[in-house]
2 protein chains.
Amino acid sequence: MPLNEHDNGQVDESFVKEKEAAFADFIQRKGLKTTRQRNTIISTFFRLRGHISVEELLNEVKKANPRIGYATVYRTLHLLVESNLVEERRFGDGLARYEGHSDVEHHDHMICLECGMISEFFNPRLEALQEKLAEENNFEIYRHRLELYGACKDTESCAQRKNKKAAEAQGA
Amino acid sequence: MPLNEHDNGQVDESFVKEKEAAFADFIQRKGLKTTRQRNTIISTFFRLRGHISVEELLNEVKKANPRIGYATVYRTLHLLVESNLVEERRFGDGLARYEGHSDVEHHDHMICLECGMISEFFNPRLEALQEKLAEENNFEIYRHRLELYGACKDTESCAQRKNKKAAEAQGA
DNA sequence: CTGGATTACGAAAACAATTTTCATTTTCGA
DNA sequence: TCGAAAATGAAAATTGTTTTCGTAATCCAG
Ligand SMILES: [Mn+2]
Ligand SMILES: [Mn+2]
Ligand SMILES: [Zn+2]
Ligand SMILES: [Zn+2]
């Protein structure tokens with residue numbers, strides 16, 4: 001079951017330019033070198049939406065430059081994470097996913113196990129409660145991850161699909 | 001109420017017996033066979049505390065029977081998970097960990113990135129709040145995971161160790 | 001008790017995601 | 001422009017886990 005993003009829509013150019021500049025800055029500060037490949041990769045990455053796997057990214061990158069390989073994509077993603085422009089996610093399907101949108105504002109995820117939809121949410125009370133619990137345990141939080149796995153109850157309901165499956169299993 | 005990893009106490013025999021019986025039941029119901037190896041593995045597993053990796057378990061198992069191999073340990077752990085006697089966890093270090101204690105009561109985790117300590121907590125308000133947020137998003141939760149990554153602030157403080165490291169990085 | 005179909009075992013091979021190696025190319029400051 | 005340092009890409013290596021396959025153990029019908 002692929003974790004699909006049901007989100008089309010365009011990314012605006014100024015956003016991409018901003019990220020490219022921030023990455024260039026990071027590269028500079030670290031004394032690394034600007035390369036054609038890295039530029040292609042980050043510019044491609046920030047034009048994509050959602051939670052992108054390495055393979056997805058490489059496929060897109062290859063459209064611009066088919067000679068770019070896995071290693072460089074992996075390496076560049078590590079740099080993006082190190083520069084705080086991108087966050088790595090793992091939703092339990094065995095592959096790393098990367099997201100660079102929503103400006104590194106923290107958020108958590110709900111993952112529909114039926115259709116793969118991933119939605120994001122943020123709730124200050126929830127965050128505060130975590131801090132409170134950490135405090136009580138004499139613990140200092142650097143970061144956290146909260147993932148809700150389940151099914152959407154929307155139109156065409158994934159939750160219903162799940163029930164049907166359960167019923168079939170009974171009958172069998 | 002954090003049960004921490006460095007807890008040494010003994011596991012009481014009745015607990016182990018109970019789990020062995022429950023597993024035997026499961027094996028029976030599924031029409032599988034009772035084997036010496038599986039018995040060794042589960043009996044070893046339930047005598048261990050904490051969040052056990054496959055390698056840790058295999059090492060212990062080999063003390064009882066050195067001929068048991070990885071494949072059987074993996075296979076038996078899958079059965080334990082399927083039977084709901086054990087839960088699989090992944091705390092981001094790339095390996096699966098298994099826990100069978102605390103009677104499958106749900107709980108979440110705080111992981112100290114300095115000393116590796118894992119403590120467990122449960123808070124009904126936090127759980128309720130998640131349900132409320134799911135409801136608002138028209139989402140049905142099957143399960144969730146919440147992990148707080150950070151540092152303990154106890155004696156000898158891991159948090160302090162972290163600060164020292166940061167200071168050194170500055171100085172360099 | 002068996003016989004023998006069924007299931008399990010274990011060593012090794014296969015896998016999948018990711019990292020590393022290494023020969024070659026590119027970058028960039030002196 | 002030169003050359004040290006860094007980056008690239010193809011391929012090999014690594015890591016955690018799963019599968020294969022020949023052999024062995026289980027267990028129930030007879
Ligand atoms: Mn997200
Ligand atoms: Mn736990
Ligand atoms: Zn859905
Ligand atoms: Zn600690």
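For the numbers below, each heavy atom of this structure counts, side chains included, while hydrogens, waters and symmetry mates do not. Here is how names work: the chains are called A, B, and so on, in the same order as the sequence lines, proteins then strands, and each is numbered from 1.
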Inset, instruction - List the steps, then state whether side-chain contact (heavy atoms from CB on, under 4.5 Å) holds for A:His144 with B:Leu146. - result: CA-CA 7 Å; A:His144 72 264; B:Leu146 172 60; 4.3 Å; yes
Legend entry - Donor + acceptor pair across side chains of B:His109, B:Glu147 (<3.5 Å): no
Legend entry - N or O in side chain of B:Arg36 less than 4.0 angstrom from C:dT7 OP1/OP2: no
Inset, instruction - Could you please name the option among D:dT8, C:dA11, D:dT26 that lies closest to any side-chain atom of A:Thr35? - result: D:dT8
Legend entry - Whole-Å distance separating the OH atom of B:Tyr70 from the C1' atom of C:dC15: 17 Å
Inset, instruction - Carefully, step by step, assess B:Glu99 and B:Arg89 under the rule salt bridge (Lys or Arg N to Asp or Glu O under 4.0 Å). - result: CA-CA 8 Å; B:Glu99 71 173 321; B:Arg89 307 279 185 193; 2.6 Å; yes
Legend entry - Length of the line joining A:Leu95:CG and C:dT19:P, which is rounded to integer Å: 13 Å
Inset, instruction - Work out which heavy atom in B:Tyr149 is nearest to a heavy atom in B:Arg90; give both atom names and the distance. - result: OH-O, 4.4 Å
Inset, instruction - Given side-chain contact (heavy atoms from CB on, under 4.5 Å), test A:Val54 with A:Leu57 step by step and report yes or no. - result: CA-CA 5 Å; A:Val54 176; A:Leu57 178 55; 5.8 Å; no
Inset, instruction - Inspect the contact between B:Glu20 and B:Lys17 and indicate whether a charged nitrogen and a carboxylate oxygen are less than 4.0 angstrom apart. - result: yes
Legend entry - Test of ring centre spacing under 6.0 Å for B:Phe91 and B:His51: yes
Legend entry - Position toward the 5' end of DNA chain D (nearest nucleotide), A:Pro66 or A:Leu32: A:Leu32
Inset, instruction - Could you please name the option among D:dT17, C:dC9, D:dT8 that lies closest to any side-chain atom of A:Arg38? - result: D:dT8
Inset, instruction - Indicate, with a heavy-atom threshold strictly under 4.0 Å, whether A:Arg75 touches base, sugar-phosphate, or nothing. - result: base
Legend entry - Minimum-distance nucleotide to A:Ile68 side chain [options: C:dT18, D:dG9, C:dC9]: D:dG9
Legend entry - D:dT18 phosphate, OP1 or OP2, under 4.0 Å from B:His78 side-chain N/O: yes
Legend entry - Whole-Å distance separating the CZ atom of A:Arg67 from the C1' atom of D:dA11: 15 Å
Legend entry - Short side-chain N/O contact to C:dG10 OP1/OP2 from B:Thr72, under 4.0 Å: yes
Inset, instruction - Kindly say if B:Tyr74 contacts the phosphate of D:dT17, meaning a side-chain N or O under 4.0 Å from OP1 or OP2. - result: yes
Legend entry - Any A:Gln37 side-chain nitrogen or oxygen under 4.0 Å from OP1 or OP2 of D:dG9: yes
Inset, instruction - Please report, rounded to the nearest Å, how far the C1' atom of C:dA16 is from the CG atom of A:Asp93. - result: 12 Å
Inset, instruction - Rounded off to whole Å, could you give me the CG-to-P distance for the A:Asn39 and D:dA6 pair? - result: 19 Å
Legend entry - Separation of C:dA16 C1' from A:Leu58 CG (nearest whole Å): 15 Å
Legend entry - Among D:dT8, D:dT26, D:dA11, the one nearest A:Ala71 by side-chain distance: D:dA11
Inset, instruction - Please state how far atom CZ in B:Arg97 lies from atom P in D:dT17, giving the value in whole angstrom units. - result: 10 Å
Legend entry - Closest-nucleotide ordering on DNA chain C, the 5'-leading residue of A:Glu55 and B:Ile27: B:Ile27
Inset, instruction - Let me see the working for B:Ile27 and B:Arg38 under side-chain contact (heavy atoms from CB on, under 4.5 Å), right down to the final yes or no. - result: CA-CA 10 Å; B:Ile27 289 294; B:Arg38 297 218 269 232; 4.1 Å; yes
Inset, instruction - Using whole Å, report how far OH of B:Tyr98 lies from C1' of D:dG16. - result: 10 Å
Which pairs, protein N/O on one side and nucleotides 1-5 of chain D N/O on the other, fall under 3.5 Å?
| from | atom 1 | to | atom 2 | distance (Å) |
| --- | --- | --- | --- | --- |
| D:dA5 | N3 | A:Lys33 | NZ | 2.5 |

